[in-house]
K.L.:
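Sharing a structure, written as structure tokens. Questions coming.
The structure displayed is predicted, hence computed values, not measured ones. Indexing begins at 1, ligand by ligand and atom by atom, following the structure's order.
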Amino acid sequence: MVMIEPVTIQKGLDIDAIRRQFPILNREVKGRSLVYFDNAATSQKPQSVIDALVNYYTRYNANVHRGIHTLAEEATFAMEKSRDAAQEFINAVSREQIVFTKGTTEGINLVASTWGRQNIRAGDEIIVSNLEHHSNIVPWQILIEEKGATLKVIPVSEKGELIIDEYKKLLSPKTKLVAVNHASNALGTINPVREIIDEAHKVGAVVLIDGAQSTVHLDIDVQEMDCDFFVFSSHKMYGPTGVGVLYGKRELLESMPPYQGGGEMILSCDFARTTYKKPPHRFEAGTPDISGAIGLHAAMDYLEAIGRKNIAHHDQELGAYGFEKLSAMKGIRLFGPSIGRAGLVSFLLEGVHAHDVVTVADQRGVALRGGHHCNQPLMRKLGVESTARASFYFYNTTEEIDRFVEVLRDIQKFFGA
Ligand SMILES: Cc1ncc(COP(=O)(O)O)c(C=O)c1O
């Protein structure tokens, strides 16, 4: 279990003012003010991110790297500035360690298809956990099928925490890769990644951390964490969809073959032989998501301006408040640990399907999510098909959680539960 050190919210930090920076939070749904609790699926965007996108398209839209006219230079400069910002955001040693991808899913597939194809052999073992999103399971399954390797799974306790003693037993010289998430999208569990990484390194395994749910809640330092790969998506941290980052240790990235072939990733191309650029461009074939990278930069600036420790603290408080409020209800089953969790609650109301909870809540302007959350193996382990999930971000408030709890009580009355 990982605890976050409490911090004092910056003086003058005003959640109402922050909410006004997110235009969508002003809208109504079904005649009521929107309560947006589907943040773990995707976050809303502040005006500064929207403005960065509009500014790019209205003032300097051009293709990057190739052009030498003013617009192309401005677009290239802005995109490469985003790489610098991402380097700083996760504290990578160098900007060359930041590869732009479509998002977390593509980052994991990139590593599986390049590092994985090059390094995994018959008889090798890859370890994932029972808490993983499908995007951190399926790419490894495709790889092990191709190579004749084996997938091992770190079990999860009844409380929804990884059983680290069991993990240690799975590790052996056969382990070549460990791939786990930093924070679970289904339960909110924050995993002890530093310990997981240290143990994996003792047997010489490489570690990929799926940061899809952590970059928005926690301060990320890849050097301190000592992970070999770290992946995240822009859209879950106030940035646009369609872009994300793969971080890799330099010697690993340099040793990896290209992911896709095409423009921008070659040094020279001929029918007899093509040579490739160094990372990160080796892995960025074709026209990248230029506006996405620029929007992501604006999102990272936004997070830094608010203060990431403040965000972590507020999100944890909301998660704890939500968990406490729901724990006080009768006829509810809560999933995941009671402490050491990201800002989300996963639950089931007795006798009410998760989809019915989400549908009725939507009628009251509350956006939730219900389903398996792309975590079917975890749902099987929990003995359920689905859960309902309310996920909170920095712009949410305890008043909104109170309104959500009221809605849940009404749903219980309506279904006679
Ligand atoms: C923990 C986790 N990993 C991976 C993903 C996939 O992210 P994306 O769809 O942005 O590639 C998600 C998305 O919900 C997630 O929550």
Side-chain angles (χ1 to χ4, degrees), residues 2 36-45 86 90 99-113 128-142 153-154 156 160-162 178-193 196 207-218 220 227 229-247 259 283 288-289 292-293 295-296 299 315 319 335-337 341-346 367-379 386-393:
V2 177
Y36 186 75
F37 282 173
D38 195 18
N39 294 289
T42 199
S43 67
Q44 298 303 346
K45 320 302 172 200
I90 58 171
V99 179
F100 285 118
T101 62
K102 280 195 296 188
T104 304
T105 303
E106 192 180 46
I108 298 170
N109 277 281
L110 192 161
V111 175
S113 309
V128 296
S129 88
N130 203 168
L131 268 185
E132 299 312 309
H133 189 280
H134 297 162
S135 61
N136 202 20
I137 300 174
V138 185
W140 309 119
Q141 282 177 321
I142 294 171
V153 182
I154 310 170
V156 68
E161 288 167 344
L162 297 183
V178 177
V180 292
N181 67 64
H182 196 176
S184 153
N185 66 306
L187 302 183
T189 317
I190 298 174
N191 291 314
V193 285
I196 291 171
V207 185
L208 177 142
I209 299 296
D210 167 356
Q213 296 293 340
S214 63
T215 38
V216 73
H217 293 295
L218 307 173
I220 306 296
C227 53
F229 296 108
F230 188 89
V231 287
F232 62 94
S233 301
S234 148
H235 71 99
K236 295 194 193 282
M237 42 176 277
Y238 311 125
T241 49
V243 67
V245 165
L246 158 69
Y247 155 86
Y259 174 47
F283 305 109
D289 185 351
L296 169 60
D315 288 353
F335 299 88
R341 55 178 23 258
L344 69 83
V345 285
S346 213
L368 304 175
R369 180 151 292 241
H372 53 64
H373 315 293
C374 295
N375 286 68
Q376 281 187 343
L378 175 66
M379 295 296 129
S386 57
T387 70
R389 180 184 74 188
S391 49
F392 320 120
Y393 270 14

K.L.:
Going by heavy atoms, is Lys102 under 4.0 Å from ligand 1?
P.N.:
no
K.L.:
Go through ligand 1 atom by atom and flag the ones less than 4.0 Å from a non-hydrogen atom of Ser135.
P.N.:
3 (N), 4 (C), 5 (C), 6 (C)
K.L.:
Nearest heavy atom to atom 3 (N) of ligand 1: which of Asp210, Asn185, Val180 does it belong to?
P.N.:
Asp210
K.L.:
Near Gln213, which atoms of ligand 1 are under 4.0 Å from a heavy atom of that residue?
P.N.:
1 (C), 14 (O), 15 (C), 16 (O)
K.L.:
Starting from the C-alpha separation in whole Å, work towards a yes-or-no answer on ring-ring contact (aromatic ring centres under 6.0 Å, His included) for Tyr238 and Tyr393.
P.N.:
CA-CA 10 Å; Tyr238 311 125; Tyr393 270 14; 5.8 Å; yes
K.L.:
Taking the side chain from Lys236 and the backbone from Ala41, do they hold a donor-acceptor pair closer than 3.5 Å?
P.N.:
yes
K.L.:
With a 4.0 Å cut-off on heavy atoms, does Glu106 reach ligand 1?
P.N.:
no
K.L.:
For ligand 1, which atoms sit closer than 4.0 Å to a heavy atom of Ser233?
P.N.:
7 (O), 8 (P), 10 (O), 11 (O)
K.L.:
For Pro139 versus Ile108, what's the shortest heavy-atom pair and its separation?
P.N.:
CG-CG2, 3.9 Å
K.L.:
Test your reading of the model: is there a side-chain donor-acceptor pair from Thr42 to the backbone of His235, 3.5 Å cut-off?
P.N.:
yes
K.L.:
To which protein heavy atom is atom 14 (O) of ligand 1 closest, and what is the distance rounded to 0.1 Å?
P.N.:
Lys236 NZ, 2.6 Å
K.L.:
Spell out, as yes or no, whether a donor-acceptor pair under 3.5 Å connects the side chain of Ser391 to the backbone of Leu344.
P.N.:
no
K.L.:
Donor-acceptor pair, Asn375 side chain versus Asn185 backbone, under 3.5 Å?
P.N.:
no
K.L.:
Report, in ascending order of atom number, the atoms of ligand 1 lying under 4.0 Å from any heavy atom of Ala212.
P.N.:
2 (C), 3 (N), 4 (C), 5 (C), 12 (C), 15 (C)
K.L.:
Look at atom 9 (O) of ligand 1 and say which protein heavy atom is nearest, naming residue and atom and giving the distance to 0.1 Å.
P.N.:
Thr105 OG1, 3.7 Å
K.L.:
Taking Gln213 for the side chain and His182 for the main chain, is one N or O donor matched with an acceptor at less than 3.5 Å?
P.N.:
no
K.L.:
Nearest protein heavy-atom contact for atom 15 (C) of ligand 1: which residue, which atom, what distance?
P.N.:
His133 CD2, 3.4 Å
